[in-house]
Number of protein chains: 2
Amino acid sequence: MSTPTPDQTLPEGAFLQGLQSLRAACSNCNLRELCLPVGLSADEMQRVDELVRTRRQVLRGEHLFRTGDAFHSLVAVRTGFFKTKVLLADGREQVTGFHMAGEVIGLDGIGNERHTCDAVALEDSEVCVLPYGRLAGLSREVEALHRRLHQIMSSEIVREHGVMLLLGSMRAGERVVAFLLNLSRRLAMRGYSERDLHLRMTREELGSYLGVKLETVSRALSKLQADGLLEVSRRNVRLLDLPALRALLAKSE
Amino acid sequence: MSTPTPDQTLPEGAFLQGLQSLRAACSNCNLRELCLPVGLSADEMQRVDELVRTRRQVLRGEHLFRTGDAFHSLVAVRTGFFKTKVLLADGREQVTGFHMAGEVIGLDGIGNERHTCDAVALEDSEVCVLPYGRLAGLSREVEALHRRLHQIMSSEIVREHGVMLLLGSMRAGERVVAFLLNLSRRLAMRGYSERDLHLRMTREELGSYLGVKLETVSRALSKLQADGLLEVSRRNVRLLDLPALRALLAKSE
DNA sequence: CGGCAGATTGAAGTCCATCAAACGTCGTGG
DNA sequence: CCACGACGTTTGATGGACTTCAATCTGCCG
């Protein structure tokens, strides 16, 4: 493997720290069916390879970007787990999402060239850096990439509609179930068990995402366990009765 | 004015109802500084004119689109006021946004070619129909349009982050103030008073958006009136002390 | 004028937040 | 190796914010 040539167009600073010497490429990435290159032909994917040259390691607790940072790149999660959060003037914070392998982070920065939220690794992670300028340029040549970018952004909007529904219209117990089923589905899509979940976030972070306090999350989980629908042990959750859990959402009372 | 030639590439069906014989064009639209063509040169705007040929009238209470409808076009609000909402299986609904002149609706449909929410006119309105296929095609030729589309979607993501913060981290009174200030700012951007607001939605719709019950909205408004910060009379709100209202959010307690 | 939808206000109840204590787990250092 | 402490989690008791239920009021439109 040859010594990598640093990409001259990459932003200086934070993004160059932790640069990996691995050759990044979508073409031989096992996430290509989930991630940015969905819908691209082999040829098209190779053109994307040209600009997805940089991988970055992000350690647990490290920020990928912060509110106010200049926006240069989107980021695709390769391994690991992230949270994004927004802050209120008085320090209150709201977790806006949890992000796992194959998901793209940083879309918030496109609009005004600055990030408007923080992204923090919840475990040691690796991401692919997607320089936005080059991505946008290529997407004008490769229609499938253009479509895919629009699709990714649109899906993020739809995802957030779901969170708004959760925060605005569900009670605490329902929110927890909705979260678990969503996580279960995303794990299943990646070939993991849909029953055995390992939560990567604290009860407090989960509570923030769900708009309730950490004690409420804990109580809701205990209640579901008492009802025989799942087993909880710290951050490990086993879903014992998926149909019943789904029914809790589909038909509330 | 000559008889308009119906655009052959437009989708059949619902969108053709209420077709206006007015010649739609961004170039001579007074919203061009707020709407889709922001950042486009005169030449570029004329190219957009070619595909923004159709205006549609939407009466109060009418749906612009519904969950499940096939997605063909984005829609720019020209006059009037819309809400978008998502539905839960048991009938509960969550208003995800209120949309006024210059704002683009329907971004949720891009991802999977179907709409995932309902858009309803809250007063008699007029919209410009933006056939998505042609818009995407043109955006590959006109870079400024490409950027603008990305920007619109990114801004929508950022807006929703703000709503999530509101729903997840604020108390009822703060939510109402945040909503009023947001509306005030958007009206001011359009040349209207930032103090005199006319709410276009019922207390119930506003409560749904804010994740509280209609009575709670009503009480919060009454409280703000009692505190001398505003005057309410049915759907008319006059903000009497904007700095104090802003301070309520900037520094809670 | 009468009826109705929407808005306000009050009283009672529920869900969740808050405060508090105890427990388990993990990593560190004695 | 165990003790210790920090951190995260669980669980209980109490209180508060918002919901629910209900009555009344207002303005609008037929």
Side-chain angles (χ1 to χ4, degrees), chain A residues 59-61 83 90 92-95 120 122-124 166-180 197-227 230-237 248 252-253, chain B residues 60-61 83 90 92-95 120 122-124 166-180 197-227 230-238 248 252-253:
Chain A
L59 298 179
R60 185 162 178 275
K83 70 171 174 183
D90 62 0
R92 278 178 285 184
E93 79 178 44
Q94 173 69 29
V95 171
V120 184
L122 295 184
E123 59 181 15
D124 293 353
L166 179 148
L167 289 171
S169 303
M170 292 185 187
R171 15 201 64 217
E174 295 169 331
R175 297 183 197 188
V176 171
V177 172
F179 165 77
L180 291 173
L197 318 180
H198 182 71
L199 308 184
R200 296 316 191 344
M201 72 293 295
T202 66
R203 298 287 189 267
E204 183 169 23
E205 288 163 333
L206 182 48
S208 168
Y209 177 66
L210 299 177
V212 298
K213 292 293 153 185
L214 66 97
E215 297 94 330
T216 303
V217 174
S218 184
R219 278 186 242 270
L221 287 171
S222 298
K223 171 84 163 48
L224 290 166
Q225 178 168 244
D227 293 348
L230 51 76
E231 282 171 3
V232 205
S233 169
R234 283 183 71 73
R235 297 200 183 172
N236 298 300
V237 178
L248 280 185
S252 293
E253 77 239 51
Chain B
R60 183 163 179 278
K83 69 171 174 182
D90 63 359
R92 279 178 285 184
E93 77 178 44
Q94 174 69 30
V95 172
V120 184
L122 296 184
E123 59 182 17
D124 293 353
L166 179 148
L167 289 171
S169 303
M170 293 185 185
R171 11 203 70 217
E174 295 170 331
R175 297 183 197 190
V176 171
V177 172
F179 166 78
L180 292 173
L197 318 179
H198 180 71
L199 308 184
R200 298 307 181 11
M201 72 293 294
T202 66
R203 297 288 189 267
E204 183 169 23
E205 288 163 332
L206 182 48
S208 169
Y209 177 65
L210 299 176
V212 298
K213 292 292 154 186
L214 66 98
E215 296 94 331
T216 303
V217 173
S218 184
R219 280 186 242 268
L221 287 171
S222 298
K223 170 83 162 48
L224 290 165
Q225 178 168 246
D227 293 348
L230 50 76
E231 283 171 3
V232 204
S233 171
R234 285 185 70 74
R235 297 201 184 173
N236 298 301
V237 177
R238 168 167 294 168
L248 279 186
S252 294
E253 75 239 55

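In what follows, chains carry the letters A, B, and so on, assigned in the order in which the sequence lines appear, proteins first and then strands, with residues in each chain numbered from 1.
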What is the distance, to the nearest angstrom, from the [atom1] atom on [X] to the [atom2] atom on [N]?
| X | N | atom1 | atom2 | result |
| --- | --- | --- | --- | --- |
| A/L214 | C/dC16 | CG | P | 15 Å |
| A/K213 | D/dC18 | NZ | P | 13 Å |
| B/L199 | C/dG6 | CG | C1' | 13 Å |
| B/M201 | C/dA7 | CE | P | 10 Å |
| B/E174 | D/dC18 | CD | C1' | 14 Å |

On DNA chain C, more 5' by nearest nucleotide between A/A172 and A/R234 is A/A172
Short side-chain N/O contact to [N] OP1/OP2 from [X], under 4.0 Å:
| X | N | value |
| --- | --- | --- |
| A/T216 | C/dC16 | no |
| B/R235 | C/dA7 | yes |
| B/S222 | C/dT9 | yes |
| A/R219 | D/dT10 | no |

Answer yes or no: are there more than 12 heavy-atom neighbours, outside B/R60 itself, under 6.0 Å from its atom CZ?
-> no
Please report the shortest heavy-atom distance between B/T202 and B/R235, naming the atom on each side.
-> CG2-NH2, 3.1 Å
Name the closest nucleotide to the A/T202 side chain, picking from C/dT8, D/dT9, D/dT20.
-> D/dT9
Which nucleotide in D/dC18, D/dT20, D/dT11 has an atom nearest any side-chain atom of B/R171 | D/dC18
Side-chain touch B/L248/B/L224, heavy atoms, less than 4.5 angstrom = yes
Any side-chain heavy atom of B/Q94 within less than 4.5 Å of one from B/L167?
-> yes
Donor-acceptor pair present, B/E215 side chain and D/dC21 base, under 3.5 Å = yes
When all nucleic acid strands are considered with a 4.0 Å heavy-atom cut-off, which category describes B/L221: base, sugar-phosphate, or nothing?
-> nothing
Would you say the side-chain atoms of A/R203 pair up with the backbone N or O of A/S218, donor to acceptor, closer than 3.5 Å?
-> no
